[in-house]
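Values reported hereafter were calculated over all heavy atoms of this structure, with side chains retained and with hydrogens, waters and symmetry mates removed.
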Amino acid sequence: MKNDSQDPKITAKNVNVWYGDNHAIKDVSVDISDRMVTAFIGPSGCGKSTFLRCINRMNDTIPTCRVEGDLRLDGEDIHDARVDPVELRARVGMVFQKPNPFPKSIYENVAYGPRIHGLARSRAELDEIVEKSLRRAALWDEVKDRLQAPGTGLSGGQQQRLCIARAVATGPEVLLMDEPASALDPIATAQIEELIDELGRSIAVVIVTHSMQQAARVSQRTAFFHLGNLVEYGETDQIFTNPADSRTEAYITGRIG
Amino acid sequence: MNAPRKSLFTPGPRTRARNRAEARFRAFALAAILAALAFLALLLAIIAHKGAPAFRQSYLTLTVDLPAEKLDPKGRRDPADLARVKTFKYAPLLDAALERALAEAGGENPFAKPKKLRALLSRGAPAQLRARVLAEPGLIGGRITLRFLASARLDGYLKGRVTRESLARERKFTPAHLDVADTLRAAGLLETRFNLAFLTGSDASESRPEAAGIGTAALGTLAMMLVVLALALPIGVAAALYLEEFAPGNRLTDLIEVNISNLAAVPSIVFGILGLALFIRFAGLPQSAPLVGGLVLTLMTLPRIIIPARAALRAVPPSIREAALGVGASRMQTVLHHVLPLALPGILTGTIIGMAQALGETAPLLLIGMIGFVATNPPATPAEALLAPNSAMPAQIYEWARRADPAWYERAWGGIILLIGFLLLMNLAAILLRRRFERRW
């Protein structure tokens with residue numbers, strides 16, 4: 001295992017989540033490594049997206065949602081009273097299931113994050129960040145001539161790559177992706193997967209996916225969730241070839257889910 | 001076993017029944033639309049027909065002798081002396097002028113007393129002449145040609161409202177006056193022209209409908225609308241934003257929401273009496289002031305802005321909020337940079353519709369003293385426009401419709417045309433603003 005020597009980027013211990021009375025996540029403990037793609041798989045409603053949203057405290061915005069347990073980024077408790085969730089979300093970026101560009105220009109979509117976090121001191125620097133981010137999202141060549149065109153006018157796959165560019169523009173250390181390719185066609189999906197692979201070389205990427213093939217293709221580690229429990233977590237190859245738990249085996253062979 | 005093969009070309013009985021039901025439904029819906037349009041067309045036609053005469057007014061052009069011995073007995077042209085000669089003294093000069101005009105036109109005074117001819121002129125005519133002489137004392141001793149307002153009866157005759165039959169029981173204005181009018185008209189001294197004074201003027205006393213205008217009341221309305229816009233828009237939007245984006249989901253919030261919905265349904269006269277108690281009796285603000293009217297209408301309009309503003313905010317997709325929060329925007333940045341701009345067209349439309357309702361409100365204004373007859377002096381300064389007693393267009397229209405003379409009735413309809421014009425302008429503004437903000441995406 002290539003990352004055993006380093007500390008995990010994110011550690012979760014005994015995390016529980018309730019939506020009102022519904023116990024959505026039960027005692028989940030997981031370590032997520034840096035510079036690696038970690039996939040969360042599982043049937044619908046198993047809690048994988050909920051857990052993902054705990055990592056950047058997006059669940060704070062849902063009034064009925066209650067999170068308990070210990071979640072740490074680089075060893076620092078993200079629920080500590082001193083933590084500003086705004087700061088956390090700048091370091092832990094997120095890409096959503098449905099492409100959700102702002103109804104502004106392509107340029108403004110990418111520049112928004114750096115601008116509100118004061119990452120660029122001049123217009124030239126901001127231009128540079130925008131270009132770099134769009135290049136990282138493999139979108140630059142397609143949009144460089146129409147940066148002022150509305151982001152909502154792009155195709156679905158381009159919109160999702162724009163959202164990825166927007167997320168990486170703030171220079172996050174972790175990128176959370178909630179089924180980023182589920183609304184896209186196979187070609188756009190392949191582009192996104194390539195991008196995930198690329199991003200996983202420099203930062204920690206956590207991807208929730210319904211597609212087991214996708215998890216097998218892009219991730220180094222896979223966590224299988226079922227009914228709010230983390231059933232199994234390990235090297236992706238091992239999960240798919242030799243699962244330890246019978247439920248994991250049932251899911252990946254298509255008998256549950 | 002073998003059912004007869006059905007052809008696609010002949011629909012079955014169920015399909016035919018369904019198609020008939022659909023045709024009936026469509027015909028019914030179409031009839032409803034046509035009925036609504038017919039009522040609207042009827043309404044507009046009646047308003048246009050009844051109100052249009054108010055925009056034209058009859059004038060008599062007279063050449064009046066200004067004898068020095070009557071107007072300046074001491075011959076000193078001292079303004080104090082001139083001012084001592086009251087309007088009363090000017091009336092006979094007009095009688096003489098009328099008599100001479102009639103003679104020059106080839107007519108004869110059918111009345112024993114020249115004074116009787118005076119009923120052709122507005123009762124304000126002597127005052128108009130006097131004001132002109134006081135402004136320019138050099139005119140005394142010569143003669144002056146001026147255009148005077150015709151009396152409401154004469155005006156009505158030219159507009160077809162007054163006929164010889166309708167005058168049968170009148171004593172001051174008789175069919176004989178109409179004969180004189182015909183003669184003067186043939187001589188080109190009596191004419192009907194566009195009535196600018198109706199748009200710019202003030203209310204007049206009950207005996208002078210021909211001199212009344214709605215301009216001052218329109219200024220009162222304008223001042224009130226500005227107060228409403230300046231207060232209700234920011235407060236309403238802030239309240240909607242708080243309730244929609246920041247408020248905790250607890251009992252108190254629920255209570256506030258229910259109360260706002262209820263306030264939108266409170267009769268406007270209740271806001272009027274509240275305004276009387278709160279702003280005039282308690283806070284000591286002046287009576288009949290457009291500022292107070294604006295405050296009352298603000299109270300009334302607030303819930304009507306908050307409710308559509310909340311709906312507009314709710315219509316912004318949650319994915320936009322998530323996207324903004326996801327890149328680390330704060331709640332306020334999310335709202336100000338993303339949610340509010342997207343909700344703005346809806347908010348503005350709601351605001352303008354709320355203000356259009358406020359524009360037509362009469363009852364609360366009556367309670368705080370903004371009654372029609374107050375609008376007699378146009379405000380000279382912006383402060384006066386807010387604080388000096390004034391009325392508003394709907395209250396002015398109500399006051400006119402209440403007065404007895406049919407000439408007032410015509411004024412009321414004319415006022416309604418202007419009020420509807422205002423409303424259309426506001427709705428047009430709403431549409432344009434919407435377009436402008438939506439065109440961005």
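Counting non-hydrogen atoms of other residues, nucleotides and ligands closer than 6.0 Å to CG of B/Leu40 gives a total above 12. Counted within 6.0 Å of CD on A/Glu128, heavy atoms from surrounding residues, nucleotides or ligands total 12 or fewer; the atom is thus considered open. Residue-environment remark: CD1 (A/Ile62) exceeds the threshold of 12 foreign heavy atoms within 6.0 Å. Residue A/Glu125 qualifies as enclosed at atom CD: its count of foreign heavy atoms under 6.0 Å is above 12.
To the nearest 0.5 Å, atom CZ of residue A/Arg89 and atom OG of residue B/Ser330 are 10.0 Å apart.
Across every non-hydrogen atom of A/Asn100 and B/Ala323, the tightest pair is ND2-CB, 3.3 Å. A pairwise comparison of heavy atoms in B/Val327 and A/Arg166 identifies CG1-CG, 3.7 Å as the closest pair.
At least one side-chain heavy atom of A/Pro103 sits under 4.5 Å from a side-chain heavy atom of B/Ile320.
Electrostatic pairing of A/Lys98 and B/Glu322 does not count as a salt bridge here, judged by no charged N lying under 4.0 Å from a carboxylate O.
When heavy atoms are compared at a cutoff of 4.5 Å, A/Arg53 approaches chain B solely by way of its side chain, counted from C-beta outward. For A/Pro85, no part lies near chain B; criterion is any non-hydrogen pair under 4.5 Å.
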Report the C-alpha distance between A/Phe102 and B/His337 in whole Å, list the side-chain angles of each, state the deciding distance to 0.1 Å, and finish with yes or no for ring-ring contact (aromatic ring centres under 6.0 Å, His included).
-> CA-CA 10 Å; A/Phe102 298 130; B/His337 297 166; 9.4 Å; no
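With respect to chain A, the highest number of heavy-atom pairs below 4.5 Å among B/Gly326, B/Pro248, B/Pro317 belongs to B/Gly326. Heavy-atom pairs under 4.5 Å with chain B peak, among A/Gln97, A/Met58, A/Glu87, A/Met94, at A/Met58.
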Going by atom type alone, with no hydrogens or angles, which donor-acceptor pairs under 3.5 Å involve a side-chain atom of residues 222-236 of chain B and a protein atom two or more places apart or on another chain?
none

